[in-house]
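Below you'll find the structure, written out as structure tokens, and then a few comments.
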Amino acid sequence: HEAYLVGGCVRDLIRGVLPEDYDIVTSAASDAVRAIFSHTIPVGMSFGVVLVIEGGKKYEVATFRREDGYVDGRRPTSVSPASAEEDVRRRDFTINGLLLDHETGLLLDYVGGRADIERRLLRTIGDPERRFAEDHLRMLRAVRFAAYLGYQIDPDTLTAIKAQAVAIRRISAERIREELTKIITRSGARRGLELLAETGLLGEILPEVEALGGVEQPPLFHPEGDVWEHTLKMLALLPTEAAVDPRLAWSVILHDVGKAITRTVDGRGVHFYGHVQRGEEIARQV
């Protein structure tokens, strides 16, 4: 059977970074994969995906496939066998569309992924509007990759995200939380939040945080600026050498959300009476 490393692990190897995990695509059907390896878990048999356990490590192994009939903005309604190139062309971003033959070192690049890695550019495979319409979560993934890797988002890709930002509401809260947590717990967290605001995604999923923009604070205590800038500066101060504790990152995001609705001004200056308590209520709702 054909078998290639695919996705983020290939991208990281090209960047000279040790991958956190390894995904594999193959011409072998999932039943054949389960017959070859002694320890497997059928995590997505309808999509041809099997988890293989070897040497105490987990490898996601997926059969080459085409996907059609996206109707819910998340999952295809039909899956069919495909070639390696067809499998690549259904994927999200060019930098994640590279195939690597681990034994020979042969790199298969059908979508210009290597050039985009060298250019530090995040670009969808094919039409960005179609890619995001198929799976709305890809919009958050675009922000995550661009922020974490320090890449620029291709103009057409960025325009498509802005046009479809409202559709992110169709994605489950759990999946959104997972992507947001990855954005704010890794390096580039500040830029991640800025990109969420620029694309319109922040207003759709965390309007309470978007509302912090323009909420001015007393210069004596906050010379850095409004509550939005205060929050961004704190994000930039989070450690970058390893993933941050999600509780700390979310505390940074939400610790001042009460200020947007408690700000008052009188002869003595600007006040945020009760913002801590209101912030607790908002954070709990979020």
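Just the heavy atoms: all of them, side chains too, but no hydrogens, waters or symmetry mates, feed the values below.
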Whether [Y] and [X] form a salt bridge (side-chain N of Lys/Arg under 4.0 Å from carboxylate O of Asp/Glu) is what I want to check.
| X | Y | value |
| --- | --- | --- |
| Lys259 | Asp256 | yes |
| Glu194 | Arg190 | yes |
| Arg65 | Glu67 | yes |
| Glu178 | Lys182 | yes |
| Arg120 | Asp116 | no |
| Asp92 | Arg141 | yes |
| Arg278 | Glu281 | yes |

Ring geometry between Phe272 and His275 (parallel below 30°, tilted from 30 to 60°, perpendicular above 60°):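 Plane angle over 60°, so perpendicular.
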
Ignoring hydrogens, what is the shortest heavy-atom contact between [X] and [Y]? Give both atom names and the distance.
| X | Y | value |
| --- | --- | --- |
| Leu137 | Glu179 | CD1-CG, 3.8 Å |
| Asn96 | Phe145 | ND2-CE1, 3.3 Å |
| Pro128 | Thr157 | CB-CA, 3.9 Å |

Do side-chain atoms of [X] reach the backbone of [Y] as a donor and acceptor pair under 3.5 angstrom?
| X | Y | answer |
| --- | --- | --- |
| His222 | Pro219 | no |
| Thr26 | Glu2 | yes |
| Gln164 | Ile161 | no |
| Asp109 | Val111 | yes |
| Arg15 | Leu149 | no |

Test salt bridge (Lys or Arg N to Asp or Glu O under 4.0 Å) applied to Arg263 - qualifying residues, sequence neighbours left out: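 Listed in chain order: nothing, the list is empty.
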
Counterpart residues, salt bridge (Lys or Arg N to Asp or Glu O under 4.0 Å), relative to Arg169 (two or more places apart):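 Arg169 satisfies salt bridge (Lys or Arg N to Asp or Glu O under 4.0 Å) with Glu204 only.
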
Residues in side-chain contact (heavy atoms from CB on, under 4.5 Å) contact with Arg247, at least two apart in sequence or another chain: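 With neighbours one apart ignored, the set is Asp245.
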
Residue list, side-chain contact (heavy atoms from CB on, under 4.5 Å) with Pro239, at least two apart or on another chain: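 Listed in chain order: Glu241, Val244.
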
Result of checking Val257, Leu201, Leu180 against Leu206 for side-chain contact (heavy atoms from CB on, under 4.5 Å):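 The option that passes is Leu180.
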
Modelled atom types, side-chain donor and acceptor of His255 and His230, under 3.5 Å: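 Indeed, the side chains of His255 and His230 share at least one donor-acceptor pair under 3.5 Å.
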
Partners meeting side-chain hydrogen bond (donor to acceptor under 3.5 Å, both in side chains) with Arg89 (sequence neighbours left out):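 In terms of side-chain hydrogen bond (donor to acceptor under 3.5 Å, both in side chains), with neighbours along the sequence ignored, Arg89 is linked to Glu85.
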
His271 atom NE2, neighbour heavy-atom count above 12 within 6.0 Å: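 Counting neighbours around NE2 of His271, more than 12 heavy atoms of other residues, nucleotides or ligands fall under 6.0 Å, so yes.
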
Side-chain atoms of residues 42-59: list all donor-acceptor pairs with protein atoms under 3.5 Å, sequence neighbours left out, distances to 0.1 Å.
none

